[in-house]
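To find a chain, count down the sequence lines: A is the first, B the second, and so on, and within it residues start at 1. Everything numeric here is computed off the predicted structure, so don't read it as measured data.
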Amino acid sequence: MPELPEVENVRRTMAPDLLGRTPSTVRVGLAKLVRPTPQALSAGIRGQSISQVDRHGKLLMLRMSGHGTWAIHLGMTGQVIIADRRPDAKHIHVTVGFDDGGPRLYYRDPRQFGFMAWCPDQAALDAGPLANMGPDALGIPLEVFLERVSGKGGKLKSVLLDQRVLAGVGNIYADESLHRAGLHPLVAPKDLSQAQLTALHHHLQETLAEALAKGGSSISNFVDAHGRPGTFQHAHRVYQRGGQACNECGCEIERIVVAGRSTHFCPHCQKEHF
DNA sequence: GAATACCTGAGC
DNA sequence: GCTCAGGTATTC
């Protein structure tokens with residue numbers, strides 16, 4: 001799943017079901033997904049309650065009442081499901097039960113690119129899952145955005161995908177916000193005016209907010225913590241629409257590869273500097 | 001930067 | 001059977 005709007009939807013749907021509850025059992029079926037070890041996570045979270053459920057970029061952070069943070073990254077296909085019964089599905093790698101006997105947390109991840117981490121303190125979080133992560137993309141102030149993006153060489157799309165620059169944007173929302181802003185994915189930020197970068201900031205915020213409101217994009221297997229898919233995929237203007245007509249101008253949407261990721265854009269609407 | 005690697009599944 | 005897929009880390 002997982003770009004910022006999807007992860008934020010998981011956060012919002014899981015938080016009410018988890019706050020104040022105390023993990024009592026941790027079962028790990030695939031040890032490599034748990035850092036540093038399943039034993040460390042189990043010992044870390046059992047016996048203290050979840051006091052806060054936060055998100056930074058695509059990373060979920062469950063703060064424990066005593067100390068420490070239980071971090072969850074969904075990778076490409078990770079799902080957190082809160083349910084009374086084990087979902088009837090393959091690839092459930094972690095199950096956490098609670099001392100009240102209520103709904104359990106199930107972590108499912110077919111491609112195994114996600115992970116869980118036990119971070120005993122903020123330093124472990126900063127040096128581990130949060131290492132090198134820039135400010136969260138949602139609500140990033142314009143000045144901060146401009147400061148971090150303007151003047152950079154390289155390709156604009158690669159910069160948007162770089163979690164060190166800002167955290168949370170992935171392939172879908174990079175393509176969608178570039179189209180809305182009328183900017184070509186291959187242009188270098190240093191060749192853009194302040195007005196163009198300001199427009200990009202605006203459209204990125206708007207795209208993230210709309211996606212969030214529609215429950216995220218369910219392209220392959222994304223569902224929230226209650227198993228519900230999002231609907232923003234129906235509002236995609238370019239993502240995975242290569243060969244189809246642009247809704248704005250009717251031109252054929254192109255698909256190219258940038259930073260190893262498939263990239264979709266309208267050659268007419270997004271031709272700044274090209 | 002680009003290529004590759006980590007995995008499984010869907011779609012053609 | 002092949003290609004592609006929301007992510008990230010590591011290589012040259």
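- Other residues, nucleotides and ligands contribute more than 12 heavy atoms inside 6.0 Å of the CZ atom of A:Arg21.
- Comparing B:dC7 with C:dT11, their P atoms are spaced 16 Å from each other, to the whole Å.
- Straight-line distance from the CG atom of A:Leu60 to the C1' atom of C:dG7: 14 Å, rounded to whole Å.
- Counting any heavy atom pair closer than 4.0 Å across all strands shown, A:Ser158 reaches no nucleic acid atom.
- Counting to the nearest Å, the C1' atom of B:dA2 and the NZ atom of A:Lys155 are 8 Å from each other.
- Straight-line distance between the P atoms of C:dT3 and B:dT4: roughly 13 Å, to the nearest whole Å.
- Residue A:Arg111 places none of its side-chain N or O atoms closer than 4.0 Å to OP1 or OP2 of B:dC6.
- For A:Phe265 and A:His179, the distance between ring centers is not under 6.0 angstrom.
- Distance CD (A:Glu3) to P (C:dT8): 9 Å, rounded to an integer number of Å.
- In A:Arg86, the CZ atom is crowded: over 12 heavy atoms of neighbouring residues, nucleotides or ligands sit closer than 6.0 Å.
- The side chain of A:Ser262 has C:dA5 as its nearest neighbour among C:dA5, B:dT8, B:dG1.
- Looking at A:His236, A:Gln233, A:Glu3 one by one, the single match for side-chain hydrogen bond (donor to acceptor under 3.5 Å, both in side chains) with A:Ser217 turns out to be A:His236.
- Across all strands shown, B:dC6 forms a Watson-Crick or G-U wobble pair with C:dG7, both key distances being under 3.5 Å.
- Taking atom NE2 on A:His56 and atom P on C:dT8, their separation rounds to 12 Å, with Å as the unit.
- A:Arg164 comes within 4.0 angstrom of nothing in the nucleic acid, heavy atoms only.
- With C:dT8, B:dG9, C:dG7 as the candidates, the nucleotide lying closest to the side chain of A:Lys90 is B:dG9.
- Within the 4.0 angstrom heavy-atom criterion, only backbone atoms of the sugar-phosphate kind lie near A:Tyr239; the bases stay farther away.
- Here C:dT8 presents its P atom at 16 Å from NZ of A:Lys32, a figure rounded to the nearest Å.
- The ring of A:Phe113 lies on top of the base of B:dC6, close enough and flat enough: under 5.5 Å between centres, under 30° between planes.
- Between the P atoms of B:dA3 and C:dC4, the separation comes to 14 Å (whole Å).
- A:Thr263 and A:Lys157 form a side-chain donor-acceptor contact under 3.5 Å, judged by distance and modelled atom types alone.
- No hydrogens or angles considered: a donor-acceptor pair under 3.5 Å links the side chains of A:Gln79 and A:Arg108.
- Distance, A:Gln112 CD to C:dT8 P: 17 Å, rounded to whole Å.
- Separating the NZ atom of A:Lys157 from the C1' atom of C:dG7 is a distance of 13 Å, rounded to the nearest angstrom.
- Residue A:Gln163 has a polar side-chain atom (N or O) positioned under 4.0 Å from OP1 or OP2 of C:dT8.
- Residue contacts shown for A:Gly154 are limited to sugar-phosphate atoms, with no base heavy atom under 4.0 Å away.
- Among the nucleotides B:dC7, C:dA5, B:dT8, the one closest to any side-chain atom of A:His91 is B:dT8.
- For the pair A:Asn221 CG and C:dG6 P, the interatomic distance rounds to 12 Å; values are reported in whole Å.
- The side chain of A:Lys58 lies closest to C:dG7 when the candidates are C:dG6, C:dC4, C:dG7.
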